[in-house]
Amino acid sequence: MSPGEDDPGLDLHRVRAVRGRRSAPAHLLERIADYRDRHRGMWVAWSGGKDSTVVLDLARRVDPDVPVVFYDCGLDFPETRTYIAELTRAWNLNLHVVPTEPDLLTLLIAAGDFDPAAPTRQVRLDVRRAMITDPAARAHARFGPANLWGVRALESSGRMHLYRTRRRGCVVIRGNGEIDRADGTTSFGPIWNWRTEQVWEYLAARKIPANPVYAKLDRLGADVHAARVDAMIDPARLDNGHITRLAAGWPTIFDRLTEVLPRLGDYR
């Protein structure tokens, strides 16, 4: 058969699967088990993104009943919520939803940054606290001081800095992906030093479906290596094109959001 429309050529997903099977994570499973035993338990923070999904699968291979925590900001992509629900059923996950307080939309409206009729307030630090710090604190209080997360150093310079330096309020254990904080909580990123391609290879090798938002964002021209699939609006990155993709890929949702966030369209 000659190459044509019915011949897709090289199947990159199969190549990734082969490469992923060659990278046996036995040492990571041992480290996760050791981390759990040292802290007498652990839980997993799961966003539905590729990195935290890999960490979730590694954790459940060590402990099938490990508590899994999803921080619900109320503005997640609908496909992400469906993905989480379907994988929870398929894997019989011990899933717990921790709502952010307030939800992201309420916070954005209250900040006034998106409404020309409202006074603008400083919002960014409050967003991080409401979306990450506070729900994580509640999860730690409920499920214990030790958790696994999918934070990778190569995702950004800030995350590289996190794993390499001392920061106010926490002490980084250099070189092994663990962070011990002054409040007694700790986090471990088993894949902290993985490249993005290694993440895709693991998912392919384990036959784990990726969140469909990645494929949709890819069709819309996004860099899927850097794409986020949790909150539809990232107030810290309004100028990176994700609002334009939101309008193109989810027009009905975008129109409803602009009714309460009139200035959102300015970032298209």
Side-chain angles (χ1 to χ4, degrees), residues 16 19-71 93-94 98 128 131-133 135-137 139-141 143-206 208 210-211 225-230:
R16 282 173 167 167
R19 290 174 61 89
R21 286 191 291 269
R22 291 174 179 171
S23 302
H27 67 291
L28 284 183
L29 301 179
E30 293 172 0
R31 284 206 58 203
I32 291 171
D34 175 69
Y35 179 78
R36 175 200 59 189
D37 295 344
R38 281 190 284 115
H39 297 286
R40 299 181 180 181
M42 65 181 182
W43 54 276
V44 182
W46 185 36
S47 68
K50 63 186 185 306
D51 301 321
S52 63
T53 299
V54 167
V55 171
L56 169 58
D57 186 60
L58 290 168
R60 75 187 190 98
R61 292 172 69 177
V62 173
D63 180 2
D65 296 320
V66 64
V68 181
V69 178
F70 171 65
Y71 306 153
L93 296 176
N94 180 16
V98 175
R128 177 172 178 79
M131 298 300 106
I132 300 175
T133 306
H140 277 297
F143 301 108
N147 85 293
L148 303 182
W149 62 8
V151 176
R152 290 187 299 114
L154 295 179
E155 284 187 285
S156 68
S157 59
R159 293 188 172 189
M160 180 78 73
H161 185 71
L162 172 68
Y163 280 119
R164 289 187 174 178
T165 66
R166 292 178 178 270
R167 291 167 59 98
R168 185 179 66 182
C170 69
V171 177
V172 175
I173 303 176
R174 191 181 301 274
N176 70 354
E178 293 186 31
I179 295 176
D180 289 343
R181 302 183 186 85
D183 64 2
T185 63
T186 174
S187 296
F188 173 34
I191 63 171
W192 72 277
N193 59 349
W194 280 25
R195 295 174 289 101
T196 302
E197 187 62 20
Q198 287 177 275
V199 174
W200 293 118
E201 288 170 1
Y202 180 93
L203 293 174
R206 292 281 294 167
I208 299 171
N211 187 321
H225 289 286
R228 304 300 297 265
V229 297
D230 41 15

Undergrad: What residues form a side chain to side chain contact (heavy atoms under 4.5 Å, CB included) with L29, not counting sequence neighbours?
TA: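 If we apply the side chain to side chain contact (heavy atoms under 4.5 Å, CB included) test to L29, skipping adjacent residues, the hits are L58, R61, V62.
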
Undergrad: Just to verify, what does P145 make a side chain to side chain contact (heavy atoms under 4.5 Å, CB included) with, not counting sequence neighbours?
TA: none

Undergrad: Among all residues two or more places apart in sequence or in another chain, which pass the side chain to side chain donor-acceptor pair (under 3.5 Å) test with D34?
TA: R38

Undergrad: Would you indicate whether the side-chain heavy atoms of R152 and T196 approach each other to under 4.5 Å?
TA: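 In contact.
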
Undergrad: Measure from the side-chain N and O atoms of S187 to the backbone N and O of L148, and report whether any donor-acceptor pair falls under 3.5 Å.
TA: no

Undergrad: If you define the side chain from C-beta out and look only at heavy atoms, does anything of H39 sit under 4.5 Å from F188?
TA: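 A side-chain contact under 4.5 Å is absent here.
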
Undergrad: State whether R195 and E201 are salt-bridged, where the test is any N-O pair (Lys NZ or Arg NE/NH1/NH2 against Asp/Glu carboxylate O) under 4.0 Å.
TA: no

Undergrad: Decide whether W149 and S52 meet the rule of one side-chain donor and one side-chain acceptor closer than 3.5 Å.
TA: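 Per modelled atom types, W149 and S52 side chains form no pair under 3.5 Å.
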
Undergrad: Do T53 and W46 touch side chain to side chain, with heavy atoms closer than 4.5 Å?
TA: yes

Undergrad: Rounded to the nearest 0.5 Å, how far apart are OH of Y35 and CG of N147?
TA: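 Here the interatomic distance stands at 5.5 Å.
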
Undergrad: Is there side-chain contact between H225 and W200, with heavy atoms separated by less than 4.5 Å?
TA: yes

Undergrad: Short question: side chain of N94, backbone of D65 - any donor-acceptor pair under 3.5 Å?
TA: yes

